[in-house]
Amino acid sequence: MAATDTTTERLNDLIALVRDGQRFYQHASESVHDAELRELFRDLRAAKDELIQALIGKVEANEGDPVSEGTWAGRVRQVYADTRAGLSSNDASVYIRQLEETEDRILQAFEDALETGDVGMHSLLAPEMPKVRACHDRMRDLAKATRK
């Protein structure tokens, strides 16, 4: 496999994972009753939209075809969160915990790609890391605040 193919495959893996988060935030924003949370989830969904577009641009610049779907595991996690929220008296806390885990997975995948990728991968992903970390930190802080 050529380096270009490996780069495209890695970027597409990241796109699929971020797309999971994007869809989960959209779903959560439509499911929770708290107006502030709905707005936060919409903001984070928009951040995921921007990140996906940036990654798609990198795949296309690499002459690859960007993936258009999320992952199977992401869909399962969303169904799980919906089920838990339906059984909980506080659906918002269920979504917050699950979205925090989603952010953890996204951050870990980006960090792994930076650590194990070549210099080219690092130059592709480094500009996106502040956005990835900012989303992660917002959900981490919210999750901490709701656990108190």
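The figures here come from the full heavy-atom set of this structure, side chains too, leaving out hydrogens, waters and symmetry mates. Position 1 is the first residue of the sequence, and the numbers go up from there.
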*Does the side-chain contact (heavy atoms from CB on, under 4.5 Å) test come out yes or no for Thr146 and Arg97, once each step is laid out?*
CA-CA 9 Å; Thr146 60; Arg97 281 193 307 275; 6.0 Å; no

*asked:* A side-chain contact here means heavy atoms from C-beta on lying under 4.5 Å apart; do Gln26 and Arg42 qualify?
replied: no

*Where does the angle between the aromatic ring planes of Phe24 and Tyr95 fall among parallel (under 30°), tilted (30 to 60°) and perpendicular (over 60°)?*
perpendicular

*Hey, mind stepping through Met121 and Leu125 against side-chain contact (heavy atoms from CB on, under 4.5 Å) and telling me if it holds?*
CA-CA 6 Å; Met121 180 61 73; Leu125 296 182; 3.6 Å; yes

_What I want to check is whether the side chains of Gln108 and Asp112 have a donor and an acceptor closer together than 3.5 Å._
yes

*Atom CZ of Arg140 and atom CD1 of Ile96: how far apart are they, to the nearest 0.5 Å?*
14.5 Å

_Nearest atoms (heavy-atom pairs only) where Arg19 meets Val67_ = NH2-O, 3.4 Å

*Separation of Phe110 CZ from Arg105 CZ (nearest 0.5 Å)*: 14.0 Å

*Between atom CZ of Phe41 and atom CE of Met139, what is the distance when rounded to the nearest 0.5 Å?*
5.0 Å

_Shortest non-hydrogen contact from Thr8 toward Gly64_ = CG2-CA, 4.0 Å

*Any chance you could measure Asp118, atom CG, to Ser123, atom OG, to the nearest 0.5 Å?*
8.0 Å

*asked:* Is it the case that atom CD in Glu30 sees more than 12 heavy atoms from other parts of the structure closer than 6.0 Å?
replied: yes

_Interatomic distance, Glu9 atom CD to Asn62 atom CG [nearest 0.5 angstrom]_ = 12.0 Å

*May I ask you to say whether Lys144 pairs ionically with Asp141, meaning some side-chain N is under 4.0 Å from a carboxylate O?*
no

*Electrostatic pair Asp49:Arg45 at N-O distance under 4.0 angstrom*: yes

*Considering only heavy atoms from C-beta outward, does the side chain of Leu55 approach that of Leu124 to under 4.5 Å?*
no

*asked:* Just verifying a value: how many Å separate Ile56 CD1 and Asp65 CG, rounded to the nearest 0.5 Å?
replied: 11.5 Å

*If every non-hydrogen atom of Gly21 is compared with every non-hydrogen atom of Thr102, which pair is closest and at what distance?*
CA-CG2, 3.8 Å

*Closest non-hydrogen atom pair, Val32 against Arg38*: O-NH1, 3.4 Å

*Just do the side-chain contact (heavy atoms from CB on, under 4.5 Å) check on Thr116 and Arg10 with the steps written out, would you?*
CA-CA 11 Å; Thr116 61; Arg10 196 86 184 255; 2.7 Å; yes

*Would you indicate whether the side-chain heavy atoms of Pro66 and Asn12 approach each other to under 4.5 Å?*
yes

*Answer yes or no: is there an ion pair linking Glu103 with Arg133, defined by an N-O contact shorter than 4.0 Å?*
no

*asked:* Minimum heavy-atom separation for Glu100 and Arg147, please, with both atom names.
replied: OE1-NH1, 3.1 Å

*asked:* Please give me the minimum heavy-atom distance between Ala126 and Leu114, naming the atom from each residue.
replied: N-CD2, 4.1 Å

*Where do Leu11 and Thr7 land on the side-chain contact (heavy atoms from CB on, under 4.5 Å) test, with the steps shown first?*
CA-CA 6 Å; Leu11 289 170; Thr7 300; 3.9 Å; yes

